[in-house]
*Asks:* 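Quick one: the structure is below, and I'll ask about it shortly.
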Amino acid sequence: MEEIKFGPSGNSKWFYDLGYKTSLQAPKWLSSLGLNAYEYSFGRGYTMGEEKAKQLGEQATENNVTISVHAPYFINFANESDEMVEKSYNYVLTGLKMLKLMNGKHLVFHPASQGKLTRERALELTRQRLKILAKKVYENGFEDMFLCPETMGKTLQIGTYKEIVDLCTIDKIFVPTFDFGHIYSLNLGNFGSYEDYKEVFTYALEKLGERAKSCHIHFSQIQFGAKGEIKHLDFGNGEYGPYFEPLARVIKELDLTPTIICESHSNMTKDALYMKEIYEKI
Ligand SMILES: [Zn+2]
Ligand SMILES: [Zn+2]
């Protein structure tokens with residue numbers, strides 16, 4: 001039986017203020033706070049060794065914390081060059097190998113950038129490449145994990161919520177990452193009501209069925225400009241949203257069991273706890 005999970009992306013300021021030094025200490029600490037998810041980012045590349053990944057996995061299992069990983073930002077499945085796209089496949093496959101060592105289930109990735117292509121062409125390329133990627137995932141025996149393309153915050157990135165859900169129809173190994181801060185900034189702040197959240201999940205449930213219930217979620221408040229996302233902020237910044245309360249109501253009402261990762265600027269652990277509290281009060 002799936003259950004809803006809350007946790008931070010990476011180590012917060014609080015973690016270091018308490019004197020903790022390495023991510024291996026994170027699962028036990030998070031568990032003591034009542035959190036049960038932790039996202040490890042390989043955004044800038046794979047710098048962690050396999051031995052450490054395994055140790056982190058052991059810590060996570062021991063403390064009932066589910067690990068997810070974020071694949072490198074360099075991935076681009078809409079690159080016209082097949083040779084360049086090979087690198088993107090490998091970034092995902094390496095990420096799955098690390099995720100498996102960490103006993104985790106979800107790998108988050110940014111699918112593509114439109115660049116100079118038309119939106120249509122970029123989407124078509126991305127779709128073709130994700131089909132090939134799915135094949136490689138099965139060939140490598142990684143199909144027990146989920147690949148989670150993320151909704152993006154800038155206009156030239158592939159990743160509106162509909163694009164992401166549609167890409168996830170390719171195969172059951174794909175599950176959306178709904179980054180609601182990104183959706184909010186892409187819509188220049190015109191997103192975040194109960195109805196808005198409900199519309200996203202209604203669409204996802206219609207296209208993906210039950211699989212959409214255990215989706216991955218990123219949540220943070222984000223500063224935006226004309227082209228979308230500028231900067232992740234902490235809760236209580238006073239100026240930018242979105243807000244978690246209406247989302248919590250939709251999650252309860254639709255009986256969803258997502259993993260909710262807080263991507264606040266530096267208070268991600270406190271903000272994850274705050275979201276959990278809001279959810280439990282409903
Ligand atoms: Zn991301
Ligand atoms: Zn995100």
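The model shown is predicted, which means the values in this text are computed figures rather than measured ones.
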*Asks:* Output every pair passing salt bridge (charged side-chain N to carboxylate O under 4.0 Å, His left out) with a member in residues 9-20, not counting sequence neighbours, ordered by first then second residue.
*Replies:*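 Sorted result for residues 9-20: Lys13-Asp17.
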*Asks:* With a 4.0 Å cut-off on N to O distance, would you call Lys198 and Glu195 a salt bridge?
*Replies:* no
*Asks:* Please name the residue in the list Cys262, Ser12, Ser264 that meets the side-chain contact (heavy atoms from CB on, under 4.5 Å) test with Thr269.
*Replies:*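 The passing option is Ser12.
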*Asks:* Give the minimum heavy-atom separation between Ile261 and Ser68, together with the two atoms involved.
*Replies:*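 Answer, listing the atom of Ile261 first, then Ser68: CD1-OG, 4.1 Å.
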*Asks:* Return the minimal non-hydrogen interatomic distance between Thr22 and Phe15, and the atom names on each side.
*Replies:* O-CZ, 3.3 Å
*Asks:* Answer with yes or no whether the hydrophobic clustering places Tyr20 together with Leu56; edges join I, L, V, M, F, W, Y residues whose side-chain heavy atoms lie under 4.5 Å apart.
*Replies:*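 Shared cluster, yes.
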*Asks:* Using ring-ring contact (aromatic ring centres under 6.0 Å, His included) as the criterion, point out the one residue from Phe191, Phe244, Phe178 that pairs with Tyr197.
*Replies:* Phe191
*Asks:* Run the side chain to side chain donor-acceptor pair (under 3.5 Å) test on Thr257 and Ser214 for me, step by step, so that the C-alpha distance in whole Å, both residues' side-chain angles and the decisive distance to 0.1 Å come before the verdict.
*Replies:* CA-CA 5 Å; Thr257 50; Ser214 305; 3.2 Å; yes
*Asks:* Passes salt bridge (Lys or Arg N to Asp or Glu O under 4.0 Å), Lys100 versus Asp144? Steps please.
*Replies:* CA-CA 9 Å; Lys100 195 158 211 164; Asp144 54 339; 3.6 Å; yes
*Asks:* Identify whether NZ of Lys or CZ of Arg in Lys97 sits under 6.0 Å from the centre of the six-membered ring of Phe142 and within 45° of that ring's axis.
*Replies:*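 Relative to the ring axis of Phe142, which defines the angle, Lys97 lies outside at least one limit.
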*Asks:* Just checking, is any N or O donor in the side chain of Asp171 or Tyr138 under 3.5 Å from an acceptor N or O on the other one?
*Replies:*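 Yes.
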*Asks:* Report yes if the side chains of Tyr38 and Trp29 come closer than 4.5 Å at any heavy-atom pair, otherwise no.
*Replies:* no
*Asks:* Walk me through it: do His182 and His218 pass the test side chain to side chain contact (heavy atoms under 4.5 Å, CB included)?
*Replies:* CA-CA 9 Å; His182 282 165; His218 280 172; 5.7 Å; no
*Asks:* With side chains defined as the heavy atoms from C-beta onward, is the minimum distance between Arg119 and Gln114 less than 4.5 Å?
*Replies:*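 They are in contact (side-chain heavy atoms under 4.5 Å apart), so the answer is yes.
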*Asks:* Is the number of heavy atoms from other residues, nucleotides or ligands within 6.0 Å of NZ (Lys213) greater than 12?
*Replies:*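 Atom NZ in Lys213 is packed in, count exceeds 12.
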*Asks:* Can you tell me how far the OG1 atom of Thr177 sits from the CD atom of Glu39, to the nearest 0.5 Å?
*Replies:*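 Nearest 0.5 Å value for the OG1-CD distance: 7.5 Å.
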*Asks:* Could you walk me through whether Arg249 and Glu253 pass salt bridge (Lys or Arg N to Asp or Glu O under 4.0 Å), step by step?
*Replies:* CA-CA 6 Å; Arg249 276 165 49 213; Glu253 193 186 302; over 6 Å; no
*Asks:* In Å and rounded to the nearest 0.5 Å, what is the CE to NE2 distance from Met145 to His106?
*Replies:* 11.5 Å
*Asks:* Starting from Tyr91, can I reach Met84 by hopping between I/L/V/M/F/W/Y residues whose side chains sit under 4.5 Å apart?
*Replies:* no
*Asks:* With a 4.5 Å cut-off on side-chain heavy-atom distances among I, L, V, M, F, W and Y, is there a chain of contacts connecting Ile164 to Tyr73?
*Replies:* no
*Asks:* Report, one line per pair, each donor and acceptor closer than 3.5 Å where one atom sits in a side chain of residues 122-134; sequence neighbours left out.
*Replies:*
from	atom 1	to	atom 2	distance (Å)
Glu124	OE2	Arg121	NH1	2.9
Thr126	OG1	Ala122	O	2.7
Arg127	NH1	Asp166	O	3.0
Arg127	NH2	Thr169	OG1	3.3
Arg129	NH1	Phe77	O	2.9
Arg129	NH1	Asn79	O	2.8
Arg129	NH2	Asn79	O	2.9
Arg129	NH2	Asp82	OD1	2.9

*Asks:* Can you list every ring pair (Phe, Tyr, Trp, His ring centres under 6.0 Å) pair that touches residues 150-176, not counting sequence neighbours?
*Replies:* Tyr161-Tyr203
*Asks:* Given the rule in the side chain to side chain contact (heavy atoms under 4.5 Å, CB included) test, do Ile260 and Ile251 qualify, once you have shown the distances and angles that lead to the verdict?
*Replies:* CA-CA 11 Å; Ile260 303 177; Ile251 289 172; 3.8 Å; yes
*Asks:* Testing the basics here: between Glu58 and Asn103, what is the closest heavy-atom pair and its distance to 0.1 Å?
*Replies:* N-ND2, 4.2 Å
*Asks:* Which heavy atom in Asn36 sits nearest to a heavy atom in Asn64, and how many Å separate them?
*Replies:* CB-O, 3.6 Å
*Asks:* Strictly distance-based, threshold 3.5 Å: is any side-chain N or O of Asn237 a donor or acceptor partner for the main-chain N or O of Tyr240?
*Replies:* yes
*Asks:* Same cluster or not: Ile67 versus Leu35, using hydrophobic residues (I, L, V, M, F, W, Y) connected whenever any side-chain heavy atoms lie under 4.5 Å apart?
*Replies:*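 In one cluster: yes.
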*Asks:* What's the shortest heavy-atom distance between Met268 and Asn11, and which atoms?
*Replies:*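 Minimum heavy-atom contact is CE-O, 3.3 Å.
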*Asks:* What are the two closest heavy atoms between Pro149 and Val175, and how far apart are they?
*Replies:*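 Smallest heavy-atom distance, with atoms named: CD-O, 3.5 Å.
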*Asks:* Using 0.5 Å steps for rounding, measure from the CZ atom of Phe235 to the CZ atom of Phe219.
*Replies:* 5.5 Å
*Asks:* Do Ser9 and His70 have side chains that approach each other closer than 4.5 Å (heavy atoms only, starting at C-beta)?
*Replies:*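 No - every pair of side-chain heavy atoms lies 4.5 Å or more apart.
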*Asks:* Could you walk me through whether Tyr194 and Glu245 satisfy the side chain to side chain contact (heavy atoms under 4.5 Å, CB included) test, starting with their C-alpha distance in whole Å, then the side-chain angles of each, then the deciding distance to 0.1 Å, before giving a yes or no?
*Replies:* CA-CA 8 Å; Tyr194 169 86; Glu245 290 86 346; over 6 Å; no
*Asks:* Has Lys5 got a side-chain atom pairing as donor or acceptor with Thr66's backbone, closer than 3.5 angstrom?
*Replies:*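 No; judged by distance alone, with no hydrogens or angles, the pair does not exist.
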*Asks:* Please lay out, stage by stage, how Cys215 and Phe201 fare under the test side chain to side chain contact (heavy atoms under 4.5 Å, CB included).
*Replies:* CA-CA 10 Å; Cys215 63; Phe201 286 108; 3.8 Å; yes
*Asks:* Verify, without hydrogens or angle tests, whether Gln221 (side chain) and Pro242 (backbone) share a donor-acceptor contact under 3.5 angstrom.
*Replies:*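 Yes, the answer is positive, given that a donor and an acceptor are paired below the 3.5 Å cut-off.
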*Asks:* Would a 4.5 Å heavy-atom cut-off, applied to side chains only, mark Tyr89 and Glu86 as touching?
*Replies:*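 A side-chain contact exists here, since the closest heavy-atom pair is under 4.5 Å.
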*Asks:* Say you draw a straight line from CG of Leu107 to CG of Leu147; how long is it, rounded to the nearest 0.5 Å?
*Replies:* 5.5 Å
*Asks:* Rounded to the nearest 0.5 Å, what's the gap from OG on Ser113 to CD1 on Ile158? Could you check?
*Replies:* 7.5 Å
*Asks:* Look up atom CD in Gln25 and atom CD in Gln59, then write down how far apart they are to the nearest 0.5 Å.
*Replies:*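 CD of Gln59 is found 9.0 Å from CD of Gln25.
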